[in-house]
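Below you'll find the structure, written out as structure tokens, and then a few comments.
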Amino acid sequence: MNNYNRGPVYSGVHTFLGLPNETDLTDVDVAMYGMPFDITTTNRSGCRFGPAGIREHGYCTPYHEELDIDIFEDFKAVDIGDFNIPLGYVDWDMKVIEDQLYRLLEKDVKTIGVGGDHTLSFPELMALKKKFGPVAFVHFDSHTDTWDWPDADGNTLINHGTPFRLAIQNDCIDMNHAIQIGMRGGFSSATDHDFALEHGMKIIFGNELHEMGMSKCAQKIREVVGDAPVFVTFDIDFLDPAVAPGTGTPVVGGFTTAEALQILREGLTGFNIVAMDLVEVAPCYDAADITQVAANDILREFLSILSYNKKHLK
């Protein structure tokens with residue numbers, strides 16, 4: 001049964017993709033949630049308003065022509081609203097986010113989080129570890145986010161440049177099945193990616209991706225991930241700022257929306273995806289709302305892939 005019946009995008013109460021706003025997860029396949037948080041950004045803040053901005057463009061046509069599916073046939077997704085994040089001490093905020101996601105995972109639904117800054121992926125991965133153990137990892141971005149910003153005691157500070165260093169240190173990621181895609185933009189030093197590489201991360205740099213093309217990269221993703229439970233994280237600055245200027249740390253030399261949709265579709269269908277997120281959309285820098293429109297369609301692709309996987313992984 002098709003349970004999606006959305007009016008025009010400019011009408012009604014805004015939700016992600018125009019989905020029902022529900023917290024009862026009985027018979028729900030996917031729960032989407034917002035994470036309005038950006039207090040650990042290191043460049044331009046503003047992505048705390050990403051969930052609200054993306055919801056304003058929330059529309060999802062149900063037929064997906066490339067996958068040849070009705071997304072909502074025997075498939076239900078809901079927008080549960082935003083996580084309650086107190087914006088207090090960062091360590092506390094991380095624990096609050098982890099606990100809220102874990103409660104969703106305990107209901108055996110797939111999840112899609114919408115940020116907010118990339119710090120949020122760390123507590124998400126902590127919750128996923130609690131439920132599944134270390135998970136496979138597919139990361140679309142222009143930044144490695146495995147840097148080390150030490151505090152006065154030598155511990156890694158929690159910010160949007162360190163979530164995956166922290167996740168690796170806390171054994172959240174199955175490093176035999178982990179890949180980063182799109183890294184580019186001039187690095188701080190020749191050692192920027194050493195931590196990730198030394199721990200077994202596979203990396204496809206931006207220039208390599210332009211040369212190899214989306215289909216070949218999708219094949220590489222499939223080889224790396226295999227049949228492990230997987231977390232997918234998409235920083236909007238994977239896209240070129242020409243098509244997605246609304247982000248705190250834009251990096252030129254990126255990718256088009258068409259290329260992003262292709263690599264997601266070809267690289268992720270058929271996997272045991274347990275959770276996904278999309279982060280770093282900052283509406284205050286967004287010319288003509290094009291980044292929020294792009295984010296909406298990335299989320300539609302996420303949902304389509306999860307629907308396809310349910311239909312074909314029985």
Side-chain angles (χ1 to χ4, degrees), residues 1-23 25 28-36 47-83 109-116 140 232 234-236 238-239 243-247 255-265 268-269 273 276-311:
M1 180 182 70
N2 187 322
N3 55 47
Y4 184 84
N5 186 20
R6 160 90 214 192
V9 68
Y10 48 79
S11 68
V13 176
H14 297 301
T15 61
F16 291 128
L17 300 171
L19 298 173
N21 175 214
E22 298 180 13
T23 55
L25 299 185
V28 166
D29 296 290
V30 176
M32 298 187 69
Y33 56 92
M35 297 179 287
C47 57
R48 69 180 65 186
F49 302 108
I54 294 168
R55 282 187 175 103
E56 290 187 1
H57 299 275
Y59 194 71
C60 182
T61 49
Y63 179 67
H64 194 294
E65 61 273 27
E66 290 88 359
L67 296 177
D68 189 25
I69 59 167
D70 181 332
I71 300 167
F72 300 101
E73 182 180 15
D74 192 29
F75 182 83
K76 184 174 181 180
V78 299
D79 178 351
I80 67 165
D82 289 342
F83 278 1
V109 295
K110 312 289 187 183
T111 61
I112 300 176
V114 182
F140 298 91
V232 178
F234 192 104
D235 188 319
I236 202 68
F238 174 82
L239 302 176
V243 297
T247 189
F255 302 90
T256 68
T257 48
E259 289 171 327
L261 295 177
Q262 179 186 354
I263 198 171
L264 290 169
R265 186 166 56 245
L268 300 178
T269 48
I273 298 171
M276 313 175 87
D277 72 16
L278 180 143
V279 297
E280 298 283 355
V281 173
C284 53
Y285 313 115
D286 198 13
D289 296 349
I290 61 174
T291 310
Q292 294 159 85
V293 170
N296 183 77
D297 279 286
I298 296 294
L299 291 172
R300 178 181 182 266
E301 204 69 20
F302 280 5
L303 206 61
S304 302
I305 290 165
L306 294 175
S307 176
Y308 179 93
N309 290 350
K310 180 186 178 184
K311 292 171 172 57

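Not measured: the values here are computed from a predicted model. By convention here, the first residue in the shown sequence is residue 1.
Among T111, L268, I112, the one residue that satisfies the side chain to side chain contact (heavy atoms under 4.5 Å, CB included) test with L306 is I112.
A pairwise comparison of heavy atoms in N21 and G81 identifies ND2-N, 3.9 Å as the closest pair. Here the shortest heavy-atom pairing between I236 and E280 reads CG2-O, 3.4 Å. In this structure, P36 and F83 approach most closely via the heavy-atom pair CD-O, 4.2 Å. The shortest heavy-atom contact between S307 and D70 is OG-O, 4.2 Å. P51 and V114 make their closest contact through CG-O, 3.4 Å (heavy atoms, listed as atom of the first residue, atom of the second, distance). Minimum interatomic distance between A287 and P245 (heavy atoms only, all atoms of both residues): N-CG, 3.9 Å.
Taking F49 as the reference, P283 meet the side chain to side chain contact (heavy atoms under 4.5 Å, CB included) condition, with sequence neighbours excluded. A search for salt bridge (Lys or Arg N to Asp or Glu O under 4.0 Å) contacts involving D79 returns R55, not counting sequence neighbours. Checked against salt bridge (Lys or Arg N to Asp or Glu O under 4.0 Å), E56 has no partners two or more places apart in sequence or in another chain. Annotation: side-chain hydrogen bond (donor to acceptor under 3.5 Å, both in side chains) contacts of S304 (sequence neighbours excluded): none. For the side chain to side chain contact (heavy atoms under 4.5 Å, CB included) test, residues two or more places apart in sequence or in another chain that qualify with A260 are F234, F238, L239, I298. For the side chain to side chain contact (heavy atoms under 4.5 Å, CB included) test, residues two or more places apart in sequence or in another chain that qualify with E259 are M214, F255, T256. Qualifying salt bridge (Lys or Arg N to Asp or Glu O under 4.0 Å) partners for R300, counting only residues two or more places apart in sequence or in other chains: none. Legend: residues meeting side-chain hydrogen bond (donor to acceptor under 3.5 Å, both in side chains) with Y285, ordered by chain and number and at least two apart, are absent.
The CZ atom of F72 lies 6.5 Å from the CG atom of L17; values are rounded to the nearest 0.5 Å. Rounding to the nearest 0.5 Å gives a distance of 12.5 Å between CG of D82 and CZ of R48. The OH atom of Y59 sits 11.0 Å away from atom CG of N296, with the distance rounded to the nearest 0.5 Å. For the atom pair CG (D68) and OH (Y63), the distance works out to 3.5 Å, reported to the nearest 0.5 Å. Atom CE in M276 sits 10.0 Å away from atom CE in M32 (nearest 0.5 Å). Residue I69 holds its CD1 atom at 11.5 Å from NZ of K310, rounded to the nearest 0.5 Å.
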**OP:** Could you go through the side chain to side chain contact (heavy atoms under 4.5 Å, CB included) check for L25 and I80 one step at a time?
**Re:** CA-CA 9 Å; L25 299 185; I80 67 165; 4.0 Å; yes
**OP:** Would you check, one step at a time, whether the test side chain to side chain contact (heavy atoms under 4.5 Å, CB included) holds for L278 with L299?
**Re:** CA-CA 8 Å; L278 180 143; L299 291 172; 4.0 Å; yes
Subject >> Audit row: V30, L19, side chain to side chain contact (heavy atoms under 4.5 Å, CB included) steps and yes/no >> reply: CA-CA 11 Å; V30 176; L19 298 173; over 6 Å; no
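L303 has its side chain within reach of F75: a pair of non-hydrogen atoms, C-beta onward, lies under 4.5 Å apart.
Residue pairs that meet the salt bridge (charged side-chain N to carboxylate O under 4.0 Å, His left out) test with at least one member in residues 285-298, sequence neighbours left out, do not exist here.
Remark: the backbone N or O of K110 is not paired with any side-chain donor or acceptor of D29 at under 3.5 angstrom. Side-chain N or O atoms of T269 include one that pairs as donor or acceptor with a backbone N or O of R265 at under 3.5 Å. Without hydrogens or angle criteria, K311 side chain to D74 main chain gives no donor-acceptor distance under 3.5 Å.
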